[in-house]
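Please read the structure below before turning to the comments.
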Amino acid sequence: VNIETILALSKLLVFPRPGQRSSDISIPFFHLYRSHVTWLNIRIPDISATEIRNSNLETITQNGWLHPLALQKWKDYQQSE
């Protein structure tokens with residue numbers, strides 16, 4: 001599958017990392033396909049996936065690092081082990 005096929009079938013939703021603006025992006029992809037990208041203006045916690053994986057569920061819950069549905073899936077998984 002090539003990029004043109006993906007763009008014909010879907011819309012790309014992108015959000016900046018904390019402290020980054022869409023105008024800061026210097027990746028050639030964004031300049032070539034800017035009309036196919038929708039920037040989401042949502043609050044993203046300033047935390048890496050590694051930090052989340054290395055944290056316990058109580059810390060993750062207290063800091064609101066995961067969407068409640070994702071957090072519940074994780075809790076369900078932990079209980080099934």
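In what follows, every heavy atom counts, from backbone to side chain, and hydrogens, waters and symmetry copies are set aside.
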Among residues at least two apart in sequence or on other chains, which ones pass side chain to side chain donor-acceptor pair (under 3.5 Å) with S80? none

In chain order, what residues pass the side chain to side chain donor-acceptor pair (under 3.5 Å) check against E4, with sequence neighbours excluded? Y33

Kindly list each side-chain donor-acceptor pair under 3.5 angstrom involving residues 62-75, sequence neighbours excluded, with atom names and distances?
residue: Q62; atom: NE2; partner: E58; partner atom: OE2; Å: 3.2
residue: N63; atom: ND2; partner: T59; partner atom: O; Å: 2.9
residue: H67; atom: ND1; partner: L69; partner atom: N; Å: 3.0
residue: Q72; atom: NE2; partner: D76; partner atom: OD1; Å: 2.8

Looking only at heavy atoms, what is the nearest atom pair of K11 and H36, with distance? CD-O, 3.8 Å

Sorted by chain and residue number, the side-chain contact (heavy atoms from CB on, under 4.5 Å) partners of T50 (sequence neighbours excluded) come out as S48, R53, N54

